[in-house]
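The next block holds one structure in the form of structure tokens; read it before the comments.
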Amino acid sequence: MILQRLDTPPDELERRTGWAIKPEGACRGEVCVPLRAPFDARDLARRLSMALVHDQRHQLWALGPESGAKALVSAELPDIVLPERDGRDFALRSLRGTKLFMIAWASW
């Protein structure tokens, strides 16, 4: 949903997400998540794992749905350098502009 201000709960918040802003915090049904006072949409987004994106040119904010986990801030891959089998460093940025399929594995 589009926000024009970060310090005022959006009118359509409850209708679109089920979360209502009450004195005890953001509440949906019997569950309430405490929020800092005064209200700040950045705190709401962080506590409910909602993406919050700022359009600086138009001075608008977009509040996304709950992700259930950490939300992506951007779709840009950070600068990753991995060792090759022979020990030399390999920078993924050297593949920029080509399609890449990565498989990650962890023993834990």
Side-chain angles (χ1 to χ4, degrees):
M1 81 186 71
I2 302 300
L3 308 177
Q4 294 180 338
R5 299 179 56 139
L6 293 176
D7 60 352
T8 306
D11 294 333
E12 72 263 19
L13 181 69
E14 186 171 10
R15 180 179 60 78
R16 297 185 105 194
T17 68
W19 290 98
I21 304 303
K22 298 182 177 181
E24 52 268 41
C27 300
R28 181 164 56 183
E30 299 291 318
V31 176
C32 287
V33 176
L35 297 174
R36 292 186 199 136
F39 177 83
D40 187 326
R42 291 171 288 218
D43 186 37
L44 174 72
R46 184 184 57 76
R47 299 281 295 161
L48 298 180
S49 297
M50 297 172 150
L52 183 64
V53 181
H54 184 219
D55 178 346
Q56 207 165 14
R57 186 169 146 219
H58 296 100
Q59 288 301 308
L60 296 173
W61 295 80
L63 182 65
E66 295 168 74
S67 68
K70 292 190 183 257
L72 289 175
V73 175
S74 78
E76 291 186 30
L77 182 68
D79 193 20
I80 297 174
V81 177
L82 302 169
E84 290 184 353
R85 285 190 276 183
D86 62 6
R88 290 183 298 152
D89 285 344
F90 175 77
L92 288 179
R93 72 178 164 271
S94 68
L95 301 173
R96 184 161 297 208
T98 62
K99 292 185 180 182
L100 177 68
F101 179 73
M102 288 184 63
I103 298 176
W105 176 82
S107 61
W108 67 87

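Computed over heavy atoms, backbone and side chain alike; hydrogens, waters and symmetry mates excluded.
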### Task
Please tell me if the side chains of D89 and L82 come closer than 4.5 Å, counting only heavy atoms from C-beta onward.
no
### Query
Is there side-chain contact between R93 and V81, with at least one heavy-atom pair below 4.5 Å?
yes
### Query
Are any of the side-chain heavy atoms of F39 and L44 separated by less than 4.5 Å?
yes
### Query
Between A45 and L52, what is the shortest heavy-atom contact and its length?
CB-CB, 3.9 Å
### Message
Do L60 and L63 land in one hydrophobic cluster if side-chain heavy atoms of ILVMFWY residues count as linked below 4.5 Å?
### Response
no
### Message
In the structure I gave you, are the side-chain heavy atoms of Q59 and Q4 within less than 4.5 Å of one another anywhere?
### Response
no
### Message
When you measure from the side chain of S94 to the backbone of A91, do you find a donor-acceptor pair of N or O atoms at a distance under 3.5 Å?
### Response
yes
### Charged N-O contact under 4.0 Å between R42 and D40
yes
### Summary
Closest heavy-atom pair, I2 versus A62, reported as atoms and distance to 0.1 Å, is CD1-CB, 4.2 Å
#### Entry: Separation of L6 CG from D43 CG (nearest 0.5 Å)
11.5 Å
Taking only distance into account, with no hydrogens and no angle test, what donor-acceptor pairs under 3.5 Å do side-chain atoms of residues 9-22 form with protein atoms, sequence neighbours excluded?
{"unit_1": "T17", "atom_1": "OG1", "unit_2": "L13", "atom_2": "O", "d": "2.6"}
{"unit_1": "T17", "atom_1": "OG1", "unit_2": "W19", "atom_2": "N", "d": "3.1"}
{"unit_1": "W19", "atom_1": "NE1", "unit_2": "E66", "atom_2": "OE2", "d": "2.8"}

### Query
Should the heavy atoms of other residues, nucleotides or ligands under 6.0 Å from CZ of R36 be counted, would the total exceed 12?
no
### Message
Measuring only between side-chain heavy atoms, which start at C-beta, is W61 closer than 4.5 Å to D55?
### Response
no
### Message
Between F90 and L95, is there a side-chain heavy-atom distance shorter than 4.5 Å?
### Response
yes
